[in-house]
Number of protein chains: 2
Amino acid sequence: MIKMTIAKNREVKADEYADLRKALTMIAGKWKLEILWLLYHRTHRFGELLRTIPGVTQHMLTRQLRELEADGLVTRKVFAEVPPRVEYSMTEATKALEPTIKSLMEWWQKFGKAES
Amino acid sequence: MIKMTIAKNREVKADEYADLRKALTMIAGKWKLEILWLLYHRTHRFGELLRTIPGVTQHMLTRQLRELEADGLVTRKVFAEVPPRVEYSMTEATKALEPTIKSLMEWWQKFGKAES
DNA sequence: CTGTATCCTATATGATACTG
DNA sequence: CAGTATCATATAGGATACAG
């Protein structure tokens, strides 16, 4: 897997940026941080999230949850009941991300607020 | 500044999410991480960045730099010379952000790669 | 209750040509 | 050298109606 090309360093770095960008966009969706925050506390049903998050629509909530699920940041559990029940919960990856989010919060406290 | 409303907690939290989203989007631009990375090493001229970052156009580079500057993440220094010279460098805020970026990198190493 | 299907707008990104 | 202007495309976000 070693690339013996002159451009090796550039290729490797380009991959790293792509990775980091991917990680950022995984949580940068308009409603994702609030969804994750709620799931940090406990499992939520779809309707709970819809009622708790101000301004979000069914459509957007569904889409953000689907993306988070595809990225391994939420677990979706469907119960075969009538009426249907669906529960969303965090994953190991979500838990592991918490320190990073707090780090970003602390940075914002010191530097972000002064700008813009 | 204390809001004595029933919705106080929700309002406060909504502000926090808006802040975090702002912090994320400040560095989530397509070329921003690579720009910041280069500036972590040393000051760069516009043309250097343009030649060093593969795939970026003059137009996009200018816009990403302007956004970073507006957010306090790069310093732009214009020299009154012919031909013109413009140097971009990092700020205190940029330096302070490095641990957060590394934290995100480490998280990706453990959890991001397995998904998607 | 928990979605999906359409259609629409806003923003981000990009290609290309031109300029002090 | 370091941009700006213009036009075009891609993606994110949203309003509304309908469905299992």
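A, B, ... follow the sequence lines: proteins, then strands. Residue 1 opens every chain. If you're wondering where the values come from, they're calculated on a predicted model, not measured in any experiment.
Atom-to-atom, CG of B:Leu65 to P of D:dC1 comes out at 17 Å; the value is rounded to the nearest Å. Regarding B:Leu50, its CG atom lies at a distance of 10 Å from the P atom of D:dG3, rounded to whole Å. For B:Glu67 and C:dT11, the CD to P distance is 13 Å, given to the nearest whole Å. Note: CD (B:Glu81) to C1' (D:dC1) measures 11 Å, nearest angstrom. The CG atom of B:Leu49 sits 10 Å away from the P atom of D:dG3 (whole-angstrom rounding). To the nearest angstrom, C1' of D:dT11 lies 14 Å from NZ of A:Lys22. Nucleotide D:dC1 holds its P atom 14 Å from the CD atom of B:Glu87, rounded to whole Å. For the pair B:Met60 CE and D:dA2 P, the interatomic distance rounds to 19 Å; values are reported in whole Å.
The shortest distance between the side-chain N/O atoms of B:Tyr88 and the OP1/OP2 oxygens of D:dC1 is not below 4.0 Å. For A:Lys30 and D:dG14, the shortest distance from a side-chain N or O to OP1 or OP2 is below 4.0 Å.
Transitive grouping of hydrophobic side chains (ILVMFWY, heavy atoms separated by less than 4.5 Å) keeps B:Phe79 and B:Leu39 in distinct clusters.
For B:Arg76, the side-chain atoms get nearest to D:dA2 when compared with the rest of D:dC1, D:dA2, C:dT4. Closest to the side chain of A:Arg45, from the set C:dC1, C:dA15, D:dC1, is C:dC1. Among the nucleotides D:dG13, D:dG3, C:dT2, the one closest to any side-chain atom of A:Gln58 is C:dT2. Of the candidates C:dG3, D:dG13, C:dG14, C:dG3 carries the atom nearest the A:Arg66 side chain, counting heavy atoms from C-beta on. Across D:dT4, D:dG14, C:dT2, the shortest atom-to-atom separation from the side chain of A:Pro84 is found for C:dT2. When distances are taken from the side chain of A:Phe46 to each of C:dT2, D:dG3, D:dG14, the shortest belongs to C:dT2. Here D:dG13 is the nucleotide among C:dG3, C:dG14, D:dG13 with the atom lying nearest to any side-chain atom of A:Gln64. For B:Thr62, whose side chain is taken as the heavy atoms from C-beta onward, the closest listed nucleotide among D:dA2, C:dG3, D:dT4 is D:dT4. In this structure, the nucleotide among D:dT16, D:dC1, C:dG3 sitting nearest to the side chain of A:His59 is D:dT16.
Ring geometry, A:Trp37 versus B:Tyr17: the interplanar angle exceeds 60°, so the pair is classed perpendicular (tilted spans 30 to 60°).
Looking at A:Ser103, its side chain never comes within 3.5 Å of a backbone N or O of A:Pro99 through a donor-acceptor pair. Remark: side-chain polar atoms of A:Thr25 are not paired, donor with acceptor, to backbone N or O of A:Ala28 under 3.5 angstrom.
Where A:Arg63 and B:Arg51 each meet DNA chain D at their nearest nucleotide, the meeting point lying more 5' is that of B:Arg51.
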For this session: With side chain to side chain contact (heavy atoms under 4.5 Å, CB included) as the test, would you mind laying out the steps for B:Arg85 and B:Lys77 before giving the verdict?
Result: CA-CA 8 Å; B:Arg85 179 161 60 107; B:Lys77 190 172 181 181; over 6 Å; no
